[in-house]
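The block underneath contains the structure these notes are about, expressed in structure tokens.
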Amino acid sequence: MKKYVLQGMAFAVVATSLVLMAFSNGHKSEQSDKKVSEGGTRYLVKDIYIADPSAHVFNGKLYVYPSHDIDAGIPQDDNGDHFAMRDYHVFSMDNIDGKVTDHGVVLDEDSVPWVGRQMWAPDAAEKDGKYYLYFPAKDKTDIFRIGVAVSDKPEGPFKAEPDPIRGSFSIDPAVFKDDDGKYYMYFGGIWGGQLQRYRNGKAIECGKEPADNKPALGPQVARMSDDMLQFAEAPKTIQILDKNGKPLLAGDHDRRFFEASWMYKYNGKYYFTYSTGDTHKLCYATGDNPYGPFTYQGVILTPVVGWTTHQSIVEFKGKWYLFYHDARLSGGKTWLRSVKVTELKYNKDGSIQTIDGKK
């Protein structure tokens, strides 16, 4: 038995070394000689592991609302149990290449009565001078719900509502303000995000993904109530179509939705962006309505170091930026990620120029 254990340990060490060599082979660890404003890429911070960045411009400053990665010693699995985050920080900057301020812990699981564990990817919104932090977490029965916390300042701290949003489920909330002043929440994620347990907003027994030749599960959308604390309607499923107008299939892992919704507008078009999960891409689809349907357009970001990736896209001082994360700084530990930012560029027809995730 000892012989096999030692052999296994030796194999693991060799495999890990090879993986880390592959991560670094042919790639600089960071483009330190080139600013983001000049086409480079930067990590926001290196003294704390953060991921799932939601970037917003409030009062002329850039604010980033990420999840906070920790090493909880939990084995890695497809349910994401090793992502054991339990609080949120807020980060801000006056310029894209400038100093980043960490405003510290603005909300933690001990201050939210309904939360059991795993405070995952958040988002934020502003309305009438109030700031709202939306966050997914598992309740006391290990079911993901979406909560909301409120502050008078974009940097918090935030005070959570005592209960999750009624009718909420799954993960990755992203709140979008349309030109008419209406707010919409986009959310959902399969596998550990539990979206496969629902159909038409209702929980089902023994939920699983559809067969490969059936339409893929879609993200969810719901208009927010006037007070921003509840859904104003039952969530609806968004369709993502191919160029022929047919829904993407569950077996199309290179294009189908997995998690990490984000919505914005560019030149009058709605851009819905998301992660393909197990194929590790960030993709986008466009449409003419906040409810969709959206037509698949292509890849925003190729795979990064680490299993997951997650994004937000924001315009700041006349340029567009992509915020995302990778696991390079932790040596490839996908539960210890770091947020990065790089400029996002468009072609004349509105298509997005694909970014190399390994740069």
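When reading the values below, keep in mind they use all heavy atoms of this one structure, side chains included, and skip hydrogens, waters and symmetry mates.
Note: H56 and W262 meet the aromatic proximity criterion, with ring centroids under 6.0 Å apart. The ring of W320 has its center closer than 6.0 angstrom to the ring center of Y264. In this structure, F158 has its ring center at least 6.0 angstrom away from the ring center of Y132. Checked against a 6.0 Å centroid threshold, the rings of Y274 and Y284 do not count as neighbours.
Side-chain contact between V299 and L282 is absent, with no heavy atoms from C-beta onward closer than 4.5 Å. Within the 4.5 Å cutoff, no side-chain heavy atoms of T354 are placed close to those of L301. Side-chain contact between R199 and P210 is present, with at least one heavy-atom pair separated by less than 4.5 Å. With a 4.5 Å cut-off on side-chain heavy atoms, L107 and F135 count as touching. Side-chain contact check for L44 versus M93: some heavy-atom pair is nearer than 4.5 Å. At a threshold of 4.5 Å between non-hydrogen side-chain atoms, the residues E343 and I96 do not count as touching. In this structure, P235 and F169 have side chains that are in contact, with non-hydrogen atoms separated by less than 4.5 Å.
Each of D139, D142, D110 was evaluated against R117; a single residue qualifies, D142, per the salt bridge (Lys or Arg N to Asp or Glu O under 4.0 Å) test. Each of F144, F231, Y134 was evaluated against F187; a single residue qualifies, F231, per the ring-ring contact (aromatic ring centres under 6.0 Å, His included) test.
Between D52 and R337, at least one side-chain nitrogen of the basic residue sits less than 4.0 Å from a carboxylate oxygen of the acidic one, meeting the salt-bridge criterion.
The same ILVMFWY cluster, assembled from side-chain heavy atoms under 4.5 Å apart, contains both F272 and Y183. If you chain together hydrophobic residues whose side chains sit under 4.5 Å apart, M185 and M119 never meet in one group. Both F58 and L133 are members of a single hydrophobic cluster when ILVMFWY side chains are connected at heavy-atom separations under 4.5 Å. No path of Ile, Leu, Val, Met, Phe, Trp and Tyr side chains, each step under 4.5 Å between heavy atoms, connects I146 with M85, placing them in separate hydrophobic clusters.
By the 30° and 60° cut-offs, the orientation of the rings of Y266 relative to Y346 is parallel.
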Note to self: Apply side chain to side chain contact (heavy atoms under 4.5 Å, CB included) to residues K177 and K182 and explain how you reach the verdict.
What the structure shows: CA-CA 6 Å; K177 180 183 179 181; K182 294 179 181 177; over 6 Å; no

Margin query: Run the side chain to side chain contact (heavy atoms under 4.5 Å, CB included) test on R197 and I143 for me, step by step, so that the C-alpha distance in whole Å, both residues' side-chain angles and the decisive distance to 0.1 Å come before the verdict.
Written below: CA-CA 10 Å; R197 301 184 185 182; I143 302 299; 3.4 Å; yes

Checklist line | Evaluation steps, side chain to side chain contact (heavy atoms under 4.5 Å, CB included), between Y63 and F91 | finding: CA-CA 6 Å; Y63 290 85; F91 299 82; over 6 Å; no

Item checked: salt bridge (charged side-chain N to carboxylate O under 4.0 Å, His left out) evaluation trace for D179 with K265 -> CA-CA 9 Å; D179 298 335; K265 289 182 83 169; 2.9 Å; yes

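Nearest heavy atom pair, residue T276 against residue C283, reads CG2-SG, 3.6 Å.
Remark: side-chain polar atoms of S338 are not paired, donor with acceptor, to backbone N or O of Y49 under 3.5 angstrom. With hydrogens and angles ignored, the 3.5 Å screen pairs a side-chain donor or acceptor of E233 with a backbone N or O of R223. Under the 3.5 Å distance criterion, the side-chain polar atoms of D123 are matched with a main-chain donor or acceptor of V175.
If you check the side chains of Q220 and T237, you find a donor sitting under 3.5 Å from an acceptor.
Note that K340 lies outside the cation-pi zone of Y324, set by a 6.0 Å cut-off to the ring centre and a 45° limit from the axis. Both the sub-6.0 Å distance and the 45° axial angle are satisfied by R255 relative to the ring of Y296.
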